[in-house]
There are 2 protein chains.
Amino acid sequence: MKIKTILLVLAATGAFAQQKLTGYVNPFIGTGAAQGSPLSGNNYPGATVPFGMVQLSPDTRNVPDWSVACGYNYNDTTIAGFSHTHLSGTGVAELFDVMLMPFSGARIQAVPGENPYQSPFNHKDEVAHPGYYSVLLQKHNIKAELTATTHVGFHKYTFPKGQAAHVFFDLDHSMKKSDWNTRIIASQITFVNDHTIEGYRIITGWAPMRKVYFHVEFSQPIAHNFVTDGGNSYDNAVVVNGTAIRAVLDFDNATELLVKVGLSATSIENAKANLQAEIPVWDFNGTVAAADKTWETELSKIKVDGTPQQKEIFYTALYHTFIQPNIISDVNGDYAAPDFTVHNSKEPYYSTFSLWDTYRGAHPLYTLLQPERSAYFANSMLRYYKSFGYLPIWQLWGQENYCMIGNHSIPVIADAVLKGIPGIDANAAFEAVKQSSLREHPGSPFKMWEQFGYIPENLKSQSVSLTLEMAYDDYCVAMLAQKLGKTEDYNHFIKRSQYYKNLYDAQMGFFRAKDDKGQWIGPFDPLKYGANGGYPFTEGNGWQYFWYVPHDVKGLINLVGGNAAFAKKLDTFFTLEDRPEEVNDNASGFIGQYAHGNEPSHHIAYLYNYAGQPWKTQQYVWEILHKMYNTTSSGYAGNDDCGELSAWYVFSAMGFYPVNPAGGVYDIGTPILKEATIQTPSGETFTVKAKNVSEANKYIQSATLNGKKYTKTTITQSDINAGGVLEFTMGSKPNKKWE
Amino acid sequence: MKIKTILLVLAATGAFAQQKLTGYVNPFIGTGAAQGSPLSGNNYPGATVPFGMVQLSPDTRNVPDWSVACGYNYNDTTIAGFSHTHLSGTGVAELFDVMLMPFSGARIQAVPGENPYQSPFNHKDEVAHPGYYSVLLQKHNIKAELTATTHVGFHKYTFPKGQAAHVFFDLDHSMKKSDWNTRIIASQITFVNDHTIEGYRIITGWAPMRKVYFHVEFSQPIAHNFVTDGGNSYDNAVVVNGTAIRAVLDFDNATELLVKVGLSATSIENAKANLQAEIPVWDFNGTVAAADKTWETELSKIKVDGTPQQKEIFYTALYHTFIQPNIISDVNGDYAAPDFTVHNSKEPYYSTFSLWDTYRGAHPLYTLLQPERSAYFANSMLRYYKSFGYLPIWQLWGQENYCMIGNHSIPVIADAVLKGIPGIDANAAFEAVKQSSLREHPGSPFKMWEQFGYIPENLKSQSVSLTLEMAYDDYCVAMLAQKLGKTEDYNHFIKRSQYYKNLYDAQMGFFRAKDDKGQWIGPFDPLKYGANGGYPFTEGNGWQYFWYVPHDVKGLINLVGGNAAFAKKLDTFFTLEDRPEEVNDNASGFIGQYAHGNEPSHHIAYLYNYAGQPWKTQQYVWEILHKMYNTTSSGYAGNDDCGELSAWYVFSAMGFYPVNPAGGVYDIGTPILKEATIQTPSGETFTVKAKNVSEANKYIQSATLNGKKYTKTTITQSDINAGGVLEFTMGSKPNKKWE
């Protein structure tokens, strides 16, 4: 779907006028791979508000698996229903709670697990903008419209006249049960009265145990219900407990049906209270407008000038970064703690921390645009630490799934404290990052770390990636220790942050795996890929991981023998097209060995700055911005990974990106937007201008900061927050003297 | 172990004097089958207090399954450890939470799932009495002693001098993981300080999801810990989260180690509060004495005179009936509600409702001896109903497992209300039993029940057993409706209570299965057994289920053509030795077709009373009392089923038993005890005397109630509660005129 269509449609809904930033957002970007590509963004087009618990979106398969992890694939031709929780851009499918599917005609005897109401749809009948989604379900001739608040999904179904109107309510809908040992432990549906149903499901899967409570209100009376639970069926049930509950609700002669679905992770009572607090009346359009207004406020934190396509990509990316982390506490402050009890906090409690991805760009972006929420995120992690004993690795619905390596809560929290984000107890934060760096836990083998000074591959797989990433996390602990004057801790962790050097093979010029005797493990092929275990490299190869020393690029340059050798190695990296057969699924979006489709590459184009060749940073950043992002359904080079690929674009399109995600130093790449104005927390604005910028003029010729000549290739968060204007003058040829 | 040994040992502990009723209890009765028998009582010998959350008992296998459902088999020769929760007498294994095993010597590298510290033991080194258990662990030369309070297990380990002392702490210990899809969803161990550990495990198995939190205090400092979680290991861990956590704790030079383990189903905080409330000091002997005193108080509710063997069987049986239902709320009133939230109640909240078994005898016994708890049990079920929508069927740790058929909360609640047990809201009770009899749920197909007037086998298996048991439950609803003046409801349910007749095949003289066309399903063999599905009879055959009309024995007599025919059929039943090959495991303890090892037979010997031949009731009850119970480890004819076989003995040995479990009418069998005095709630006593009773004199010759001639074959709860003396004169020959 093209932006023009959207704008027309938006205008037609009457919900808001054109020229709003929400009008630039195209939720179909990243929703489906182009022919032949294994990856898109894995984004969904449904309705959500910023950082909300509810993501109400169509599922194009009845049994989603990893290949459609967000529930929706643009290339699919049918819709199974609309479920209330989704992950944006992940490589694992999860959530999909409480699916509704309206249908007309007769109830169909359904085989358990099959969905007889799945309907064809056409993209021309689909509309999506922030907080709103609609589609025509062709099989049933029903127009379905969706909107949402933080805890509530709001459905509007327009049924064909003269046909029986029904809603299929599926509590069994989940990712493929055979994946991640998914099992519904218990679930319940209660017909409270003819307008209300309530219940819950307790499910184990990628998250060890999720509790999802719901309170649902219908604008029309339920005339009759028919509930199945596997082979059992219940006619006009009052309450059904089971593990595969699906219900058909009949609404006699309804042509318009509104449905409000309140969710909670703690109780039915709270699901109801959430609903009543957020959508007390039956005002669908009002809810759409409110969602739009919320999005407009959030998107307005950066105002940009550029081409329509740039704006579409930019604001869609910004939109994608603001979809998560997700609040999982209730309006009354109750939340499900990691020890499976309910706690209460005045601050909202957040989850969906895809940290191996998002610590790189998304979380630094939040410190800039969402400082209040940055504190909430950090404090949520700190509360989690209090109960769990160490900080989250990949946290979903308040639960740990240990996906990926390292413990990258540490850079996120360190970054927030180092930047002085208000509302975080620095000492509590230090205690948490320190203990999380000492208490051995899955993926973080600190004992062998301290014993060997590296991770021996024969003791722990993914050892090279782990060694590099743990060294970085340790640097973050050291920085926080330094800030708090904890010298002993600083010394301990800064020493550990240098352990990366212990795996550098000077002869090969790469980081390589050693065993616990200190012997290199061979043969070594820097092109060979690892996935998530059984090989020293994680979702990448030796070439991609070579560059992962974001805290000590100078140290890395010294290892290879200085700037020239380093730049030459970068040149090779960006031009070596050799691709072995076993390229990991996560590697895509190639420029030479650079793979923009996965996170380990993300900072590499910026490293030329450190070797005295910023024009090559500019050249490759420009190339990535233009080659790896577009406005189609396959607009991302790989999984958006909870907004990480989006955050890269948001930063880089403005002209900078944090090679080192913690501490507030940004590396200047090349601005492609004519102008970008960031609204700072104190009410100032910081504007990046790119004079003469064009397709041809991708090189920085000169720069000024607040009118004064600026030659640094970095800019700090303090500079930005102080407000002002950073103006670049762009040209078609590298200015090798600007630096 | 013989009672004499126990008494000597008890005297040796100095905890209490001889002649106490607790001294008659032999916890080894029912703990292991004799050679060749498939069944014992499935009782455990460990330490518990009446109706407590904690049952601290040795597990003789590291991976218990159904064949050792209580964890302990008297025929086993090793002990794997001491876990804190057990089921007494069930046919399914479950619980086994938080296992400790002390050991001496060196830590052994253990394969996950194997227990290298399992130790041989000898029954001569074992002592058990109510609230106390001890054993010598031969492999380690450690004396382990156990006692308990309601929520706390208390261990005392005496280690050999000069050897390293350790405790193996196993959070992975459970029933066999492949049974009931058992899986640990999450677990945690935290080393709070050198004397304290805390944590939890969340486990799915026979109960859909159990949360078990613990707070453990040691009298000696933990010098070092080593934790494994499957393949991961942690040296001196602070906190470990995992799904197969096992720890070895080292106690340097300890010769005596005391360990207090507080449990909770709601939180670590509550586990700690439970411990601190119940065992604030390190007084092991004091805790033993307190447990003994509590047991003495409970056992004193009936004082009996009889032979030493009779007293041993009787008080052990009474002890077994008072082991459950189990409190699962905390000292502060918090409890885990069925919707996986935490609620609070001033009254204690109970679980472990093995209702298909215990509604027959155990719950009626509770109304007599534990009226306050009877109200708590009923109110716990009513609170459960409020959330779950119908009353519990088989409730474990607050969760439904749908074991067996019918919904026999209904007779339990109806019985308590009909008997006027104080503290139950009769209208709320009626609402719950009525709705639980209308709202279709697993095992209770009310739609077809109302449609066909029976359960058609082709639509729902176990149909004959279901039809008979549902008819009885309906009768209970009708009785409660009648008491509350709800005529319409009475008419509805009393009609349903007669549906049993619809499956009577007059030609065959048996209840038989029909299909949904009303046709008999053949061929029919009244000897053929069913188990738990796929056949019209549940854990029994057509002969055993023929008698299951406890609410309308006269109606049943009429069906077969009057008293003579009925008595003749009973004669055949008790003498027909024919045993088909496929006898269900649950059928055992035979007298003809009568199988005392399972519940469907339990009321049958009393039915002669209804046909005018009470002396035959006396004859067979006497035979059952003497043949089916003894003081050995195989002292029960089958699984004790949470005290149901025990309750049968307690009642029948005194001379009466409720054929109809609801309403307070008891049928007189034959007293074998010289005297039994029941302490009534109002402080009265009711004494049953059996003048001239002896092995030879098993027949009632005459009776008086409070000095007046008594000729009825029934006595009511009101009679008992009013206090007085029921005196039988016994003789060696049937007095066919006494009735």
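Predicted, not measured: the structure shown is a model, and the values here were computed from it. Chain naming here is simple, since letters A, B, ... match the order of the sequence lines and numbering starts at 1 in each. The analysis underlying the following values was restricted to heavy atoms, covering all of them including side chains, and did not include hydrogens, waters or symmetry mates.
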> Determine whether B:Tyr390 and A:Asn241 make a side-chain contact, defined as any pair of heavy atoms from C-beta on separated by less than 4.5 Å.
yes
> Under a 3.5 Å distance rule, please check whether A:Gln188 uses its side chain to pair with a backbone N or O of B:Ser387 as donor and acceptor.
yes
> Would you call B:Lys447 and A:Asp235 a side-chain contact if the rule is heavy atoms closer than 4.5 Å?
yes
> A:Lys211 side chain to B:Phe340 main-chain N or O, any donor-acceptor pair under 3.5 Å?
yes
> Please report the closest heavy-atom contact between B:Asn232 and A:Pro442, naming both atoms and the distance.
ND2-CG, 4.4 Å
> Sort by residue number and list every residue of residues 328-338 of chain B having at least one heavy atom under 4.5 Å from chain A.
B:Pro338
> Is there a donor-acceptor contact under 3.5 Å from the side chain of B:Tyr213 to the main chain of A:Asp339?
yes
> What residue, out of B:Ile202, B:Thr243, B:Asp229, has the most heavy-atom pairs lying under 4.5 Å from chain A?
B:Ile202
> Go through it in stages, so that I can follow the logic: the residues are B:Arg439 and A:Val239, the test is side chain to side chain contact (heavy atoms under 4.5 Å, CB included), and I'd like the CA-CA distance, side-chain angles, deciding distance and then a yes or no.
CA-CA 7 Å; B:Arg439 294 176 183 171; A:Val239 55; 3.8 Å; yes
> Using heavy-atom distances under 4.5 Å, tell me whether A:Thr190 contacts chain B through its side chain, its backbone, both, or neither.
neither
> So do the side chains of B:Thr341 and A:Ile268 get within less than 4.5 Å of each other, counting heavy atoms only?
no
> Could I get the full list of salt bridge (Lys or Arg N to Asp or Glu O under 4.0 Å) partners for B:Lys176, not counting sequence neighbours?
none
> Just so I understand: if I count every heavy-atom pair under 4.5 Å between each of A:Val238, A:Val240, A:Leu438, A:Asn236 and chain B, which residue has the most?
A:Val238
> Once ring-ring contact (aromatic ring centres under 6.0 Å, His included) is applied, do any residues pair with B:Phe446, and if so which ones, sequence neighbours excluded?
B:His441
> Test of understanding: with salt bridge (Lys or Arg N to Asp or Glu O under 4.0 Å), list the residues that count as partners of A:Glu457, not counting sequence neighbours.
none
> Need one label for A:Ile185: side chain, backbone, both or neither, based on atoms under 4.5 Å from any heavy atom in chain B.
both
> Can you check whether B:Asn181's main-chain N or O pairs, donor with acceptor, with A:Arg183's side chain at less than 3.5 Å?
yes
> Counting only non-hydrogen atoms closer than 4.5 Å, does A:Thr266 touch chain B with its backbone (N, CA, C, O), its side chain (CB onward), both, or neither?
backbone
